[in-house]
Amino acid sequence: MHPNSFPISSLLAPFFLLFALIRVPTTLCVDDLRYSNCSTIIRCGSLANIGYPFWGMNRASYCGQPGFELKCEDGVGKITMSQNTLRILDVNPDQQILKVAREDYWDGYCPRELINTTINFNHFDYGPGLRNLTLFYGCYLPSTSVFIFLTNCTINGAIMDVSYATRSVLGDPRPEVCHGSVIVPIYETAAQDLEVNPLTVNDSLKGGFELQWKVNDDQCRNCRESDGVCGYNQTTNSFICFCRNHTSETTCSPTQVQRLQREIFIKS
Ligand SMILES: *[C@@H]1O[C@H](CO)[C@@H](O)[C@H](O)[C@H]1NC(C)=O
Ligand SMILES: *[C@@H]1O[C@H](CO)[C@@H](O)[C@H](O)[C@H]1NC(C)=O
Ligand SMILES: *[C@@H]1O[C@H](CO)[C@@H](O)[C@H](O)[C@H]1NC(C)=O
Ligand SMILES: *[C@@H]1O[C@H](CO)[C@@H](O)[C@H](O)[C@H]1NC(C)=O
Ligand SMILES: *[C@@H]1O[C@H](CO)[C@@H](O)[C@H](O)[C@H]1NC(C)=O
Ligand SMILES: *[C@@H]1O[C@H](CO)[C@@H](O)[C@H](O)[C@H]1NC(C)=O
Ligand SMILES: *[C@@H]1O[C@H](CO)[C@@H](O)[C@H](O)[C@H]1NC(C)=O
């Protein structure tokens, strides 16, 4: 440090103060608000580190994509897909995996209504290593090696017997005679347990299943690497990168690759 630097900087201090005061209105500009709003992550119970493409709670809708709204209820993160409310058990942003379980099957296999699992295939795919558990309601047929009887449930005021199968049920009369059936994906390992032990049925439902979200991760990575924050314009349905003082469709500053490309362009 130069020995004279101290007196000089103290001389300039009032100017810095003035500068700081003048800058206040610009820090309130809309780009800054979006930048700071989307810089926050979602925390809910044991979940942390949830950012783009998710939004909800402390993150405004422009911080994520439609179909990725999260809610936090009593410390439990939830996402809605069609008629299903899914509990979020875990999130892996690097692998874009969301581990979920159906809210209506959290307390066992007697839901209030019979609703199939319907995921939003525009944004998600089922993860690997899953098998479909089919729960049959109101069949009144005896157990077989494929259909295993559980106990009765009261659904919508009606008492119904419940049985399940973890394998394809093609050719069996059961689906036609039952009051209804519901398909819930479970882990392959849980399905193997269920084949030998019906007592694990509630645990297998609680264990949930994995969904992989289908979002172009490169766009967001490039934006982040340029010190931007990822967002989405729900009007134009396109990705946006919020920078400290402006908004970009790609990145805040040229990426390494873009700089190299420009250098090559200038040289040639
Ligand atoms: C972000 O914006 C949303 C919607 O306007 C608001 O509810 C939320 O409190 C904001 N969060 C932060 C951290 O400013
Ligand atoms: C599973 O949940 C049902 C309610 O849906 C309950 O009646 C049953 O006792 C539970 N079974 C086990 C093994 O916990
Ligand atoms: C769930 O899906 C299966 C297979 O498509 C169908 O047979 C069953 O009726 C559906 N159940 C409900 C409650 O919609
Ligand atoms: C389970 O059934 C659904 C249709 O209800 C299907 O989309 C999905 O691929 C099936 N999953 C497995 C693992 O077979
Ligand atoms: C289940 O309900 C049926 C019909 O209501 C009844 O006949 C049967 O005894 C019940 N089974 C059990 C285990 O409660
Ligand atoms: C989205 O695009 C519309 C139309 O171009 C624009 O008016 C709006 O400000 C944009 N929203 C965000 C969050 O950038
Ligand atoms: C925005 O801020 C960056 C540094 O964060 C600066 O290089 C750039 O000139 C600024 N742009 C505008 C339009 O103020």
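Atoms within a ligand are numbered from 1 in the order they appear, just like the ligands themselves. Because only heavy atoms are used, hydrogens play no part in the values below, and waters and symmetry mates are left out as well, while side chains stay in.
Nearest protein heavy-atom neighbour of atom 4 (C) of ligand 5: Tyr140 CE2, 3.8 Å. The nearest protein atom to atom 5 (O) of ligand 5, hydrogens excluded, is given as Ile159 CG2, 4.0 Å; this is a heavy-atom distance. Closest to atom 9 (O) of ligand 6 among all protein heavy atoms lies Arg34 NH2, 4.0 Å. Counting only heavy atoms of the protein, atom 8 (C) of ligand 6 lies nearest to Asn233 ND2, 3.8 Å. Closest to atom 12 (C) of ligand 5 among all protein heavy atoms lies Asn152 ND2, 3.3 Å.
Test Tyr52, Trp55, Phe124 against Phe68 for ring pair (Phe, Tyr, Trp, His ring centres under 6.0 Å) and you get one pass: Phe124.
The distance from ligand 3 to the heavy atoms of Asn116 drops below 4.0 Å at these ligand atoms: 1 (C), 2 (O), 3 (C), 8 (C), 10 (C), 11 (N), 12 (C), 14 (O).
With Cys230, the cysteine Cys223 has an SG gap of 2.5 Å or longer. The SG atoms of Cys241 and Cys252 lie 2.5 Å or more from each other.
Of all the heavy atoms of Thr247, none lies under 4.0 Å from any atom of ligand 6, so neither backbone nor side chain is involved.
Remark: atom 2 (O) of ligand 5 lies closer than 4.0 Å to at least one protein heavy atom.
With no hydrogens or angles considered, a side-chain donor-acceptor pair links Asn233 and Thr235 at under 3.5 Å. Residues Asp193 and Thr200 bring no donor and acceptor atom of their side chains to less than 3.5 Å of each other.
Using a cut-off of 4.0 Å between Lys/Arg side-chain N and Asp/Glu carboxylate O, Arg221 and Asp218 are scored as salt-bridged.
Within the structure, ligand 6 lacks Gln234 among the residues with a heavy atom less than 4.0 angstrom away. At least one heavy atom of Ser181 sits less than 4.0 Å from an atom of ligand 3.
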Margin query: What verdict does the side-chain contact (heavy atoms from CB on, under 4.5 Å) test give for Arg167 and Arg131, after you've listed the backbone C-alpha separation in whole Å, the side-chain angles of each residue and the deciding distance to 0.1 Å?
Written below: CA-CA 8 Å; Arg167 296 272 177 203; Arg131 213 197 290 176; 3.4 Å; yes

Notebook entry, point to check: Step by step, would you call Cys110 with Cys153 a disulfide bond (SG atoms under 2.5 Å apart)?
Noted result: CA-CA 5 Å; Cys110 299; Cys153 285; 1.9 Å; yes

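For ligand 6, the polar-atom distance check against Thr236 finds no nitrogen or oxygen pair separated by under 3.5 Å.
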